[in-house]
Amino acid sequence: MSANPVENTSAGAPKLGGAMAWWVWTLAVMFVVYLFSFQTGYSIVNPSVQQDVGLTIKQVGGIAAVYTWAFAISQFFGGALLDRLGSRKVLPIAIALVALGIFLFANAESYTMLLLSQIVVAVGSCVGFVGAGYIGGQWFGMAKFSFMFGLVQVMAALTSAFSVNLISMALETTTWRTLFNATAIFGVVLFVLGLIFIRNPTPVVHEADSSGDNFFVGVLKSLASVAKIGHVWVAALVGALSFGMLLALGVVWMPKILMVHGLSPSSAALGSSLLWLGLAAGSAVVPHWSDVIKRRKRTMVVGCAIQLAALLGLLFIPGLGSGLALTLCFILGFANASHMLAFSTAADVVQPHQIGTSAAIVNGIMFILGGILISRPGFRIGVGVEKGIQPESLALAQYASIPLIIAGVLALLIALFMRETYPQQGHG
């Protein structure tokens with residue numbers, strides 16, 4: 001018997017896909033945008049924070065590391081909490097934690113307070129992206145889970161593409177402390193709205209509620225139950241290798257690759273933005289296309305192949321002009337939207353009340369592997385220079401990008417050999 005709250009509808013339950021569904025989903029997506037904006041803003045104001053608080057370079061790196069590990073650990077439990085408690089008991093608290101963390105960050109006068117702020121934000125953030133996907137599945141039905149999760153990524157990618165410029169403009173007229181205090185106040189407003197409106201369409205009923213288990217034991221059992229399913233890990237690996245490659249390019253390396261082709265710094269920055277814009281456009285199309293043709297595997301294979309070809313073109317086409325380079329950036333981002341199907345194919349093989357847990361595992365692996373892939377090209381640049389490769393040359397960019405090429409190849413190979421999971425008779 002299914003424990004999916006969406007299926008246990010009653011006469012008085014809100015209409016799935018109706019006005020209330022869109023409003024609750026919009027609040028969840030606003031939380032995702034809120035998170036991404038803070039994370040982007042943090043990367044911009046680091047120099048000012050370092051100067052005002054009196055940090056060393058090592059301490060700046062330590063703050064980022066603490067956030068990374070706190071988020072990664074919390075991530076795996078966030079989905080299980082959503083599955084067991086529902087969105088009403090989890091998402092408003094998460095919004096409150098992020099707002100509190102941002103307030104602590106904006107008023108920090110010491111390294112310790114900055115570390116604490118990052119831990120608080122990380123714990124709240126762990127259910128942001130996954131929570132928006134969970135809301136989509138609950139309020140629009142599992143048949144539209146893939147499409148609605150794709151729309152979440154559209155908003156996240158657009159935020160990544162434009163927030164840097166918006167935050168930079170804001171910092172021209174105010175201080176970083178004032179900006180983030182205002183951001184924290186917005187979080188309080190979002191918390192109040194979430195507290196009033198965010199909920200599942202019907203009360204969560206979970207099979208394990210009657211087992212007598214301690215709550216946290218039950219969460220661990222839910223996590224272990226999903227972790228035993230091999231295909232969830234296959235999906236996570238394809239998604240992590242694919243998105244990790246894009247994350248490394250979009251956050252750090254694409255502007256550097258484009259500049260060795262002779263593009264100006266502004267054109268190189270545009271190329272990085274086009275990666276995210278391509279991902280936004282692709283996320284609105286690719287998951288929906290998977291539903292139209294009723295295939296996960298084929299869509300993921302095509303996406304992995306195109307993104308790999310685009311990356312190889314950016315690295316190995318000699319005399320690459322700016323027009324073709326920027327086009328390839330957009331194509332790479334668009335094709336990379338196939339990584340969103342990692343969530344869909346994982347959801348296909350678990351019980352409906354385990355959707356949040358499967359999404360959290362996939363997202364957690366994406367985050368961890370993405371962090372590794374971001375760092376590897378920089379390490380190989382140092383090795384390449386020691387080997388005598390000309391600094392700031394295309395040859396060095398090619399050498400440094402080998403981990404990203406390997407990630408793209410592995411994503412394609414795993415996708416080729418994974419099984420098709422698209423539900424033939426609804427979700428089961």
Side-chain angles (χ1 to χ4, degrees), residues 2-9 13-18 20-29 31-32 78-80 82-83 86-87 90-91 127-156 198-202 204 222 226 229 231-232 234-236 238-239 243 282-300 303 337-363 366 418 420-428:
S2 173
N4 186 4
V6 171
E7 295 176 357
N8 298 333
T9 55
K15 179 185 175 183
L16 297 189
M20 179 56 74
W22 280 105
W23 173 236
V24 174
W25 181 84
T26 298
L27 289 175
V29 172
F31 182 34
V32 175
L82 282 165
D83 285 335
S87 57
V90 176
L91 286 180
V127 293
F129 189 69
V130 170
Y134 172 88
I135 288 285
Q138 296 297 313
W139 277 93
F140 292 86
M142 288 312 302
K144 294 186 177 179
F145 173 78
S146 184
F147 175 68
M148 296 307 298
F149 215 161
L151 290 185
V152 175
Q153 183 64 280
V154 170
M155 300 307 299
I198 290 179
R199 64 183 188 277
N200 284 46
T202 57
V204 175
S222 296
V226 174
I229 302 171
H231 185 79
V232 172
V234 172
V238 177
F243 183 65
S283 295
V285 174
V286 174
H288 178 63
W289 178 247
S290 170
D291 289 334
V292 170
I293 66 172
K294 301 187 185 304
R295 293 289 184 272
R296 305 287 191 222
K297 176 177 177 175
R298 184 185 304 170
T299 313
M300 293 177 79
S338 62
H339 86 265
M340 288 301 297
L341 295 175
F343 295 102
S344 306
T345 189
D348 291 339
V349 299
V350 300
Q351 295 300 312
H353 64 271
Q354 297 173 323
I355 298 296
T357 303
S358 69
I361 290 176
V362 171
N363 202 43
M366 283 184 183
M418 68 179 274
E420 178 57 63
T421 63
Y422 192 90
Q424 297 306 307
Q425 300 295 331
H427 192 284

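Throughout, numbering of the chain's residues begins at 1 and tracks the sequence.
For Lys297, the NZ atom sits in a packed shell: over 12 heavy atoms of surrounding residues, nucleotides or ligands are nearer than 6.0 Å.
Residues forming a ring pair (Phe, Tyr, Trp, His ring centres under 6.0 Å) with Trp22 (at least two apart in sequence, or on another chain): Trp25, Phe140. For Thr345, the side-chain hydrogen bond (donor to acceptor under 3.5 Å, both in side chains) criterion is met by His231, Thr421, not counting sequence neighbours.
Side-chain contact between Met340 and Ser146: absent, with no pair of heavy atoms (C-beta onward) separated by less than 4.5 Å. A 4.5 Å side-chain heavy-atom check between Ile361 and Val226 finds at least one atom pair inside the cut-off.
Scanning all heavy atoms of the two residues, the minimum distance from Ser222 to Ala80 falls at CB-CB, 4.5 Å. Counting all heavy atoms, side chain and backbone alike, Val130 lies closest to Gly356 at CG1-O, 3.7 Å. Smallest separation of non-hydrogen atoms from Leu16 and Gln138: CD2-O, 3.5 Å. When all heavy atoms of Asn363 and Phe343 are compared, the pair lying nearest together is OD1-CZ, 3.7 Å. A pairwise comparison of heavy atoms in Ser283 and Ala337 identifies N-CB, 3.4 Å as the closest pair. Looking at every heavy atom in both residues, Ala342 comes nearest to Ala235 through CB-O, 3.3 Å.
Rounded to the nearest 0.5 angstrom, Ser358 OG and Asp83 CG are separated by 7.5 Å. Rounding to the nearest 0.5 angstrom, the gap separating the CE atom in Met142 from the OG atom in Ser344 is 8.0 Å. The CG atom of Leu27 sits 10.0 Å away from the CG atom of Leu91 when rounded to the nearest 0.5 Å. Considering CD1 of Ile229 and CD of Gln351, their distance stands at 8.0 Å, rounded to 0.5 Å. For the atom pair CG of Leu341 and CZ of Phe149, the computed distance is 11.5 Å after rounding to the nearest 0.5 Å. Rounded to the nearest 0.5 Å, atoms CE (Met148) and OH (Tyr134) are 15.0 Å apart.
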Donor-acceptor pairs under 3.5 Å, side chain of residues 284-292 to any protein atom, not counting sequence neighbours: which ones?
unit_1	atom_1	unit_2	atom_2	d
Ser290	OG	Arg295	O	2.7
Ser290	OG	Arg296	NH1	3.3
Asp291	OD1	Arg296	NH1	3.1

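A donor-acceptor pair is defined here as one N or O able to donate and one able to accept, closer than 3.5 Å; such a pair exists between the side chain of Trp139 and the backbone of Arg199.
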Please step through side-chain contact (heavy atoms from CB on, under 4.5 Å) for the pair Met300 and Val238, ending with a clear verdict.
CA-CA 9 Å; Met300 293 177 79; Val238 177; 3.5 Å; yes
